[in-house]
Amino acid sequence: MRYRKAPGYEVGAGYKYVSLGLTFAGGIILFMGLGYLLDRWIGTLPWFTLVGTILGAVLSFVSVYRRLLADEARHKAEQDAGSP
């Protein structure tokens, strides 16, 4: 017997991908803002803003990538457990 998911499951599952996009954008904005504040404090505008933006993009990408790999592994494990 094949396991069936509840109606509307796909719609709810899509929200986790929206949260991944917001995580990515939020990480970039956070590090850019921290770099900007550091630039204003030290007086080196725009260097730390640029470094913060690049660092935020790289760290956000790695975070999203790792979460997607974990989600894919979990999905594969569920499929393997459900197949005879």
Quick one: closest heavy-atom pair of [X] and [Y], and the distance?
| X | Y | result |
| --- | --- | --- |
| S60 | I28 | OG-N, 3.6 Å |
| Y17 | L68 | CE2-CD2, 3.6 Å |
| I42 | F48 | CD1-CE1, 3.9 Å |
| T53 | T49 | OG1-O, 2.7 Å |
| V64 | L20 | CG2-O, 3.6 Å |

Less than 4.5 Å apart, side chain to side chain, heavy atoms only: is that true for [X] and [Y]?
| X | Y | result |
| --- | --- | --- |
| R67 | T23 | yes |
| F61 | F24 | yes |
| F31 | I54 | no |

Quiz item: Roughly how far apart are D39 CG and M32 CE, rounded to 0.5 Å?
Solution: 11.5 Å

Self-check item: Separation between CG of L34 and CD1 of I29, rounded to the nearest 0.5 Å
Solution: 12.0 Å

